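Quick note: numbers below take in every heavy atom, side chains included, and nothing from hydrogens, waters or symmetry partners. Predicted model, so just to flag it, every value in this text is computed and none were measured. Positions are given from 1 along the sequence.
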Amino acid sequence: MFQFAKAPTYILLSALLSTSLPAIANNASSLPDIGTTAASTLTIDKEIEYGEMYMRIMRASRPIINDPVLSEYIQDLGHKLVANADGVKTPFDFFLIKNYEINAFALFGGNIGVHSGLFLHAKTESELASVIAHEIAHVTQRHLARTLEDQAKKNPATMAAMLGSLLLVIAAPEAGIAALHATTAISIQGMLNHTRSNEKEADRIGISTLAKAGFNPQAMPHFFERLAEQYRYTTKLPPMLLSHPLPESRITDSRLRANNYSVVRLPPSEHYLLAKSRMVARYVGFSQTSALNWFNTELKKAPANQHKELNYGKSLVYIDKGQYAKAQQLLLPLLTAEPNNLFYIDAATDLNLYQKQYDKATTRLENALQYQPESSVLQLNLANALLEAKRYQQSINILTRYSYQQPNDINGWALLAQNYAKQNKRDGELAAMGELAALRAQWGLAISNYTQAAQRAKLGSLDQARYDARLDQLRLQQAKFEALRSSF
């Protein structure tokens, strides 16, 4: 469905987001509301609109990881940091990109993407959190909006040109980069100079957020130092170091700022280690053989109290390889010890479904939902298990409620479409597929699907009225979307 993104896309996005007016505050405990200087260029509401537009295009053009377990993990981690950040003016949404490169980036409207490859290089949850806290600071300080304002003062046409180029960068990287070079007066050296001062500002604020959220503030300089040492003598830097340069002065500055806070010694985060194992098993580009070799190597080095997370990862590889007996041997003790652990429940459900043990899977999930009724992981797993068990209407009932509450989750609409297709309810299938198309800015397809759904529904029925009403909404959304694009 998706193609791997080319690295220059994220280099450019991160560089643009990192360009700003020079940082002016040095006191780590004093966080000025610098972001308001961008108010004359872009309102918060307009930033959110742009962010929504960019995300629709991102879903259609990038390998976003729509894994409920990992999505829930990264959302929980991100919002723990946001809850402790200063100057939050937008909602935040965190998503994962299947890309082995080390990188993270922020878009308008609090949309923050994290590459799967980052999990391979972050040794602790605090290190991963330090990268996300840095990106949150880019958003709260409105770095991109401030850049646009700075350039618009020099050339009124620049802001529209840069917004349009960002859109092109997301949809077609090569064209976007060419457009950016053609329409802006920013020199490469000038952009780099702004980036360095801007990065220090994001580091300072990010370290403060880390400390407030209970993570180790030393994690940021530790991560920086390890990356700098690892790539010191290479000519091919990862996108994160190209878009977030690490001169010695920045590393030193982050170390000094982190030293203003008490060192926090945290035990290894079980959820982070489980998320990392899931990434290695399925989303960092390893073959199944390479993934098994990685887990076996780590098991020899890791302390005994981290073996369960590595064995969980091995069980996933065995499930994907169809070696169910080996997977069950590893997974059963984990699930017995922690029956409410969502990582283990999800893996056990996969194992049950592959073995056609539908009742066992649905019973486990229904019991778990009594204790965690709002869990997206459990709701989607149960809907999928009911689909596999051919209990289509029960699955549809769950997904109808879920998609109403989580309208931007592709998983819910995709499962709904499958359920309706199995029941030969073509109008319902077309409507669900229309929602998937709208989430990817494929407005023509979305409207076409809903038009066909309305034509197939019984004349005068509630379904037909619902489809017609949604058609009106989609046309308005399309007009708004095209108006934003035309403003470039």
Side-chain angles (χ1 to χ4, degrees), residues 65-74 76 96 98 100 116-117 119-120 122-123 125 128 268-369 371-372 375-385 388-389 411:
I65 298 174
N66 294 303
D67 182 310
V69 180
L70 290 173
S71 294
E72 188 163 297
Y73 169 76
I74 203 68
D76 287 347
L96 297 162
K98 186 178 180 181
Y100 65 87
S116 57
F119 282 75
L120 273 177
K123 290 188 174 180
E125 187 171 53
L128 177 63
S269 165
E270 177 187 12
H271 280 183
Y272 171 67
L273 294 174
L274 288 170
K276 182 172 184 173
S277 287
R278 191 175 181 91
M279 280 289 191
V280 171
R282 291 178 170 169
Y283 301 111
V284 297
F286 284 175
S287 67
Q288 291 173 339
T289 299
S290 295
L292 282 176
N293 289 338
W294 187 90
F295 286 117
N296 288 331
T297 299
E298 291 299 310
L299 280 165
K300 292 176 183 177
K301 299 187 302 183
N305 63 356
Q306 294 180 25
H307 282 197
K308 62 180 181 179
E309 292 88 359
L310 294 167
N311 282 328
Y312 161 74
K314 283 186 69 173
S315 76
L316 294 180
V317 179
Y318 283 136
I319 289 172
D320 295 342
K321 285 170 66 71
Q323 297 179 1
Y324 304 134
K326 289 184 177 180
Q328 184 165 327
Q329 184 178 9
L330 291 171
L331 190 58
L332 186 58
L334 303 177
L335 189 62
T336 300
E338 297 182 56
N340 295 319
N341 186 307
L342 295 179
F343 287 88
Y344 301 154
I345 291 174
D346 175 89
T349 300
D350 287 348
L351 185 58
N352 291 152
L353 296 184
Y354 283 129
Q355 295 176 309
K356 302 188 186 304
Q357 298 172 344
Y358 305 123
D359 290 343
K360 193 172 183 178
T362 54
T363 298
R364 178 190 299 109
L365 291 164
E366 287 167 348
N367 290 338
L369 274 165
Y371 301 98
Q372 303 180 70
S375 170
S376 298
V377 173
L378 295 177
Q379 292 179 60
L380 289 170
N381 265 284
L382 180 56
N384 185 54
E388 294 294 328
N411 293 300

Engineer: L365 and side chain to side chain contact (heavy atoms under 4.5 Å, CB included): which single residue from I345, V377, N352 fits?
Structural biologist: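 Answer to the side chain to side chain contact (heavy atoms under 4.5 Å, CB included) test with L365 among I345, V377, N352: I345.
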Engineer: Measure the spacing between OH of Y272 and CD of E270 and express it to the nearest 0.5 Å.
Structural biologist: 14.5 Å
Engineer: Please answer whether the main-chain N or O of Y283 pairs with a side-chain N or O of S116 as donor and acceptor at a distance below 3.5 Å.
Structural biologist: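 Between the backbone of Y283 and the side chain of S116 there is a qualifying donor-acceptor contact (under 3.5 Å).
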Engineer: Are any of the side-chain heavy atoms of K360 and Q355 separated by less than 4.5 Å?
Structural biologist: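 In short, these two side chains do not touch, never coming nearer than 4.5 Å.
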Engineer: Locate the shortest heavy-atom distance separating K276 from A122; write the atom from each residue and the value.
Structural biologist: NZ-O, 3.4 Å
Engineer: Minimum heavy-atom separation for G313 and A281, please, with both atom names.
Structural biologist: O-CB, 3.8 Å
Engineer: Which heavy atom of A347 sits nearest to which heavy atom of I319, and what is that distance?
Structural biologist: O-CD1, 3.5 Å
Engineer: Any chance you could measure L70, atom CG, to F343, atom CZ, to the nearest 0.5 Å?
Structural biologist: 6.0 Å
Engineer: Does the side chain of N311 come within less than 4.5 Å of K314's, by heavy atoms?
Structural biologist: yes
Engineer: Heavy atoms only: give me the nearest L380-P68 pair and the separation to one decimal.
Structural biologist: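 Of all heavy-atom pairs spanning L380 and P68, the closest is CD1-CG, 3.7 Å.
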Engineer: Any chance NZ of K356 has more than 12 other-residue heavy atoms, nucleotides or ligands included, within less than 6.0 Å?
Structural biologist: no
Engineer: Looking at every heavy atom in both S71 and L96, which two are closest together, and how far apart are they?
Structural biologist: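 Shortest heavy-atom separation between S71 and L96 comes out as N-CD1, 4.5 Å.
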Engineer: Using a 4.5 Å cut-off on heavy atoms from C-beta on, say whether the side chain of L274 contacts that of N341.
Structural biologist: yes
Engineer: Starting from the C-alpha separation in whole Å, work towards a yes-or-no answer on side-chain contact (heavy atoms from CB on, under 4.5 Å) for E338 and K308.
Structural biologist: CA-CA 11 Å; E338 297 182 56; K308 62 180 181 179; 3.0 Å; yes
Engineer: Between atom CD of Q357 and atom CD of E388, what is the distance when rounded to the nearest 0.5 Å?
Structural biologist: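 Taking CD in Q357 and CD in E388, the distance rounds to 13.5 Å.
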Engineer: Would you indicate whether the side-chain heavy atoms of L378 and L342 approach each other to under 4.5 Å?
Structural biologist: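 A side-chain contact exists here, since the closest heavy-atom pair is under 4.5 Å.
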Engineer: Once you round to the nearest 0.5 Å, how far does CZ of F119 lie from CD of E125?
Structural biologist: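 CD of E125 is found 9.0 Å from CZ of F119.
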Engineer: Does some side-chain heavy atom of M279 sit less than 4.5 Å from a side-chain heavy atom of I65?
Structural biologist: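 I65 vs M279: side chains touch.
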Engineer: Which distance, rounded to the nearest 0.5 Å, do you find between the CG of D76 and the NE2 of H271?
Structural biologist: 9.0 Å
Engineer: Distance only, no hydrogens: is a donor on one side chain within 3.5 Å (strictly under) of an acceptor on the other, for R278 and Y312?
Structural biologist: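 Present: a donor and an acceptor within the cut-off.
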Engineer: Between V284 and W294, is the side-chain contact (heavy atoms from CB on, under 4.5 Å) condition met? List the steps.
Structural biologist: CA-CA 12 Å; V284 297; W294 187 90; over 6 Å; no
Engineer: Nearest 0.5 angstrom please: S315 OG to L334 CG, how far?
Structural biologist: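 That separation rounds to 7.0 Å.
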Engineer: Are a donor atom and an acceptor atom from the side chains of N411 and N66 found within less than 3.5 Å of each other?
Structural biologist: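 Not at all, the side chains of N411 and N66 share no donor-acceptor pair under 3.5 Å.
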Engineer: Are any of the side-chain heavy atoms of F286 and V280 separated by less than 4.5 Å?
Structural biologist: yes
Engineer: Run the side-chain contact (heavy atoms from CB on, under 4.5 Å) test on L382 and T349 for me, step by step, so that the C-alpha distance in whole Å, both residues' side-chain angles and the decisive distance to 0.1 Å come before the verdict.
Structural biologist: CA-CA 9 Å; L382 180 56; T349 300; over 6 Å; no
Engineer: Look at the side chain of Q372 and the backbone N and O of N340, then say whether any donor-acceptor pair between them is shorter than 3.5 Å.
Structural biologist: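 Yes, the answer is positive, given that a donor and an acceptor are paired below the 3.5 Å cut-off.
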Engineer: Kindly give the heavy-atom pair with the smallest separation between A291 and V317, and that separation in Å.
Structural biologist: CB-CG2, 4.0 Å
